[in-house]
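Along the sequence shown, the residues carry numbers beginning at 1.
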Amino acid sequence: MRTIKYHLVLTDNEYSLIINSLNNLRNDLIAQGRYTDAVDDALYDIVSFIAATTITGIPLSLSATLHSF
């Protein structure tokens, strides 16, 4: 299996857009009575990342790893 890494550099507005979009998706899933586990995990990862980089003073950049099969 080959691992491909992507490095994203996002502005504060882009982070806000991602968080708002995930939260809206979560609300829609709740309204439909569906599971929100994947969205909850994504929200937790992004908010935790922002909190960690804000505390350490490191500029906001997010790395994502995709696995190809």
Would you be so kind as to tabulate the donor-acceptor pairs closer than 3.5 Å made by side chains of residues 18-26, with sequence neighbours excluded?
residue: Asn20; atom: ND2; partner: Ser16; partner atom: O; Å: 3.3
residue: Ser21; atom: OG; partner: Leu17; partner atom: O; Å: 2.8
residue: Asn24; atom: ND2; partner: Asn20; partner atom: O; Å: 3.3
residue: Arg26; atom: NE; partner: Asp40; partner atom: OD1; Å: 2.5

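With hydrogens and angles ignored, the 3.5 Å screen pairs no side-chain donor or acceptor of Thr36 with any backbone N or O of Val39. Listed for the Glu14 side chain is a donor-acceptor partner under 3.5 Å among the backbone atoms of Thr11.
In this structure, the side chains of Tyr44 and Phe49 stay at 4.5 Å or more apart for every pair of heavy atoms. Considering only heavy atoms from C-beta on, Ile46 comes within 4.5 Å of Tyr15 through its side chain.
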